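Since the model is a prediction, treat every value here as computed from it, not as a measurement. One-based numbering, in listed order, for ligands and for the atoms of each.
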Amino acid sequence: MKAFYAEEQKRHDPKAFLSSGAAQPNPEKPERVERLLAGALSAGCTIERPRDHGLGPVAAVHTPEYLDFLEHIYARWQRIEGASAEVIPNVHPIARNGSYPASAVGQAGYHMADTACPISGETWQSALWSAWSAVDAAETVMSGVPAAYALCRPPGHHAFADVAGGFCFINNSAVAAQALRKQAARVAILDVDLHHGNGTQGIFYARPDVLTVSLHADPVRFYPFFWGHADERGEGPGLGYNFNLPLPRKSADSAFLEALEVAFQRIRVFSPDALVVALGLDAFGGDPFGGLSVTTPGFSRIGEAIAKLDLPTVIVQEGGYLCDELGDNLTAFLTGFGGKMR
Ligand SMILES: [Zn+2]
């Protein structure tokens, strides 16, 4: 399978984030890339550098003011006397019915959901190349190849059309789905990350052409808290085209695979022309987040099950944090998926 990745994606190196109010090392580390590359190579992938696709495919799912913010906020932040080294918000609108702020501090609060997505001088380029990896994977699949893997880092599924959050800046899975729409009338996104894909849900919430399905740890006491509940079903023309399957904490392989079957039923009825898998590997029991208890052989079975949908598939890397098995879990998924490929 072809895999896409550019070295620039490794330069973003966030230092800290707040967890229950306490400063902690940011777990979205550049070293993740090494583990994931090793995992993809073990699965037999060939690694290719994506092309520069410009802003078009990114602007197809994000607002112009947000992209302008992402590109320029770091330089603006440096001009504030006494400001932090990385852009981290400290004030947020309680609702977005006020005015768009002119100041860097105000815009950081407007465009950043939480403290887990610090922006440094490297963030914009890393996020752009990450999205371009997703675009190249989508173009590969549109050329008739059954599947491709995008080693997207930084990840994307917590990024809304104009809000960063949860280590995410540009929503790579949404970029891939929108790119696929050039050929595919209907696209399904299946998000198997430990955390609910709230940004992806938000981007497509009112649209019936992209079905969003997410399996994740129940957000009742877990990030992203405000989204990911079963009663969030879409709105307007998109009503019925968003499907959330929250799982009890510590659910293991059998419960995950059962929920996956329920997801497949919805996807089959939707009858998509292409699939995006938002592949978080943090549902692993040994992941630092420890929210679910999927095993390494479990990822292989998940890959095998998804391949049975027999759809042109773009696999987009989402979460999955440093632990000894991170690379093995990617190998397991890709091997399980590939074993069922024609
Ligand atoms: Zn996650």
NZ/NE/NH1/NH2 to OD/OE distance under 4.0 Å, Glu122 and Lys10 = no
Residue of the set Ile189, Leu190, Val262 for which side chain to side chain contact (heavy atoms under 4.5 Å, CB included) holds with Ile267 =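 The residue from Ile189, Leu190, Val262 that satisfies side chain to side chain contact (heavy atoms under 4.5 Å, CB included) with Ile267 turns out to be Leu190.
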query = Has the side chain of Gln107 got a donor or acceptor atom that lies under 3.5 Å from a matching backbone atom of Pro101?
reply = yes
message = Is it the case that the side chain of Ser42 and the backbone of Ala38 share a donor-acceptor pair, with hydrogens and angles ignored and the cut-off at 3.5 Å?
response = yes
request  = Pull up every protein N/O/S atom sitting under 2.8 Å from the Zn ion (ligand 1), skipping waters.
outcome  = Asp193 OD1, His195 ND1, Asp282 OD2
query = Applying side-chain hydrogen bond (donor to acceptor under 3.5 Å, both in side chains), which residue pairs with at least one partner in residues 257-283 are found, sequence neighbours left out?
reply = His195-Asp282
ask   = Step by step, would you call Trp124 with Phe69 a ring pair (Phe, Tyr, Trp, His ring centres under 6.0 Å)?
value = CA-CA 10 Å; Trp124 169 243; Phe69 164 83; over 10 Å; no
